[in-house]
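To start, the structure itself, in structure tokens.
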Amino acid sequence: MHDHAPRSAPEQSAPEQSVPEKRSLENPAPEQSAPEHPGTEHQRVTFFELAAPVRGRVIASGVLAAFGAVSGIIPVLFAMRLSALLFAMRLSALLLAGGGFANAATAAGTATVTATVTATAAGTATGTATAAVSTSEVVWLVALLIVSVAAAQALTMIGYGLSHTADARLSEHLRQRQITQSLRLPLDWFSREGSGRVKKVVQDDVTKVHQLIAHVVPDTVNGVVRPLASLALLFVLDWRIGLIALIPLGLAMASMPLMMKDLSQRYEWYNEALAELNAAMVEFVRGIAPIKIFEASNRGPQRFQTSAVAHHDRYREWMEQTVYGSALIMVFTSPAFAIATAALGTGALVLFAGLSPVLLLPSVLLAANIAGPLYMLAQMRQFMREASGSAQNIADFFSLPAAPVGDPELAMQGVRTEIEGVSFTYPDGPTALREVTETLAPGTVTALVGPSGSGKSTLATLVPRLIDPDSGSIRLGGADSARLTAEALYRNVAFVFQQPYLLRMSVRDNIRIARPDSSDEAVEAAARVAQIHERITRLPEGYDTVVGEGARLSGGEKQRLSIARAVLTDAPLLVLDEATAFADPDSEAEIQRALASLTRGRTLLVVAHRLHTITGADQILVLDGGRVVERGTHEGLIAHGGLYERMWNAYEEGRRYGVRAGAAIEHDQGALIAPVIAPEGVQNA
């Protein structure tokens, strides 16, 4: 065992981070990176590149939307022909009834005009009102009108159905890739980016891509083809009603610059404010308890309030700059404005320019098709901008460097752990470790203690390779941990976190998450060792109870479930990051009994804040300023005097200062520590 003579005077280290934020398990950094890291170069991703898995369906939806838009014009022709025939039939009835010379002459003149207009509009041969009007033709026209309307709607619906099916398939494809990529990424990426930004990439950006796939192609095709087809028909019928139909469109386009003013810059500002608000929201929800406590001082929710105000200000500025232009465009592209303009303009032509009254029908019916889609296309441009940015974020996420696979031929020979010259600095943060060299002998217990920010948790997370050192190496069983595959590494190394996290799945699946093929008997055996079996059996559905639904577990119970995971893993090297830090006295006793079974016969590295829990350790490493300044057993370090002896005296004084009853309970539980922290056959060695 190493002696415990102190090293050189330690340097003051910055506060230690409970969640590491450093590059780990990475390949050499490529040129591509996430959008949140400015300054890195990356290729822009086009819509069709992202939509490659469903490109055929998207194109087909656009083709069907085009056919549907053109087909939507055909019912207007049938309606024109039908109205002319019905009017002619009415005239014929008046003539047969003998309505008098004046009426007949008037009717005959009107019928002549009507028949001529009808023949011209419908593309039939020129005729007169005296031609026989067949009732069967009316029936056929009604039937064709219904069928044409149904066909146009069917084509449009099938097109949208294809695009939405493509969207569903692409969303599934992207989420599957995101799951795979998330498992390949180094853990520090998640802590570095923050939950809000990770949520934006994994959830919000995929949702925004919905606009790209499900709506952009069919909506754009429909918004372009339908106005062009309607306008072409109106100009064919009479160029004057075609010009009248262009009036709302011209007014709307003249108002467009007012709505699109500085759009790109304002959207970029808004998106940045939204991302910051997302991150602040997650922080606010996670820290709601201390925020409520310190609410009176107005310090807790300050970041959330600042972010919310910034987001509101960006949105308000955007709306204030564009509200008048948007309002004008909404008015000029509304169906009511288009119909009113068409009715007034065409009506004037009928009264004063001799235009056929029949042309009033297509003018009014098609008027809303001309300018109406313009506002939708303007919105689609905004959707395209947002969705394209989201698509780029997703593509950049997929391009992040993944952890190396490792050498499948490399295997650990035992669990002797050698830490050689390890240094570690957080990105844009403090240096956590400086040239640390230590050895963990098989079957021994090593405890890490020291002031806050001394590097204890950082060193502990290096061993199971949750992060990689900047320099130096860690050898596990003679093998460089950086070259081990994840399977080989985590078959031999288990980690019990300070704050356990359970997934929303059954208790049984939570326990066997590391070994999904484990039998039910093995799961229950692990739960018994972890002192949680009896509690599980009292749940509504026992081991099949879903965590968060039927299973409402305390912090200590969750910790024992995480210990059951480690038991089932059966790894010979175990890292504990103060597993009892947040446990109440009763839960701590149960956790200690569970740890006593778990650590027996294993090599153990434990981060300790409660010093009485590591008095039986084979080796205590005292860290300060990122360096190991003392090492030895509890008795040896106390006898030597130094940092550990001062920490112990302060710790004991704090325990005595507490409530007597609580101190007595904790002292009694201290008797459990010796068998907990030292495996059998080691403590008395």
Side-chain angles (χ1 to χ4, degrees), residues 72-95 97 99-133 137-138 141-142 144-145 148-149 226-253 331-374:
I73 308 302
I74 297 176
V76 176
L77 298 175
F78 290 134
M80 290 173 57
R81 174 63 178 168
L82 181 61
S83 63
L85 288 177
L86 291 175
F87 188 63
M89 291 175 66
R90 177 59 179 164
L91 291 179
S92 299
L94 290 174
L95 290 173
F101 179 80
N103 289 341
T106 303
T110 305
T112 300
V113 174
T114 303
T116 302
V117 172
T118 303
T120 303
T124 61
T126 305
T128 65
T130 58
V133 179
E137 186 177 359
V138 174
L141 283 172
V142 171
L144 289 173
L145 180 63
S148 62
V149 171
R226 190 179 296 275
L228 291 178
S230 300
L231 197 59
L233 178 59
L234 291 178
F235 271 103
V236 168
L237 294 176
D238 192 290
W239 63 272
R240 291 171 296 181
I241 62 174
L243 291 178
I244 292 173
L246 286 175
I247 293 175
L249 180 63
L251 293 173
M253 293 188 68
V331 170
F332 294 145
T333 59
S334 66
F337 184 80
I339 292 172
T341 303
L344 291 174
T346 308
L349 291 175
V350 171
L351 293 175
F352 304 112
L355 186 70
S356 170
V358 175
L359 294 182
L360 185 63
L361 181 65
S363 178
V364 172
L365 290 178
L366 297 178
N369 288 349
I370 309 300
L374 182 63

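Just so it is clear, the values below take in all heavy atoms, side chains as well, and ignore hydrogens, waters and symmetry mates. Starting from 1, each residue takes its place in the sequence as its number.
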Any side-chain heavy-atom pair of Leu237 and Pro362 under 4.5 Å: yes

Qualifying side chain to side chain donor-acceptor pair (under 3.5 Å) pairs, either residue in residues 340-351, two or more places apart: Thr346-Ser363

Residue that, paired with Leu234, satisfies side-chain contact (heavy atoms from CB on, under 4.5 Å) out of Ile73, Leu366, Asn369: Leu366

CG on Leu145 to CD1 on Ile74, rounded to 0.5 Å: 11.5 Å

Minimum heavy-atom distance Ile370-Ser230, with the two atoms named: CD1-CB, 3.6 Å

Shortest non-hydrogen contact between Leu360 and Ala342, atoms and distance: CD1-O, 4.5 Å

Approximate separation, where rounding is to 0.5 Å, of Arg81 CZ and Leu86 CG: 10.5 Å

Donor-acceptor pairs under 3.5 Å, side chain of residues 240-252 to any protein atom, not counting sequence neighbours: which ones?
unit_1, atom_1, unit_2, atom_2, d
Arg240, NE, Asp238, OD1, 3.0
Arg240, NH2, Asp238, OD2, 3.1

Leu82 CG to Leu361 CG distance, which is reported to the nearest 0.5 Å: 9.5 Å

Shortest non-hydrogen contact between Phe332 and Phe337, atoms and distance: O-CD2, 3.6 Å

Distance (rounded to the nearest 0.5 Å) between Arg226 CZ and Leu231 CG: 14.0 Å

Contact check, side chains of Leu349 and Leu359, non-hydrogen atoms, under 4.5 Å: no

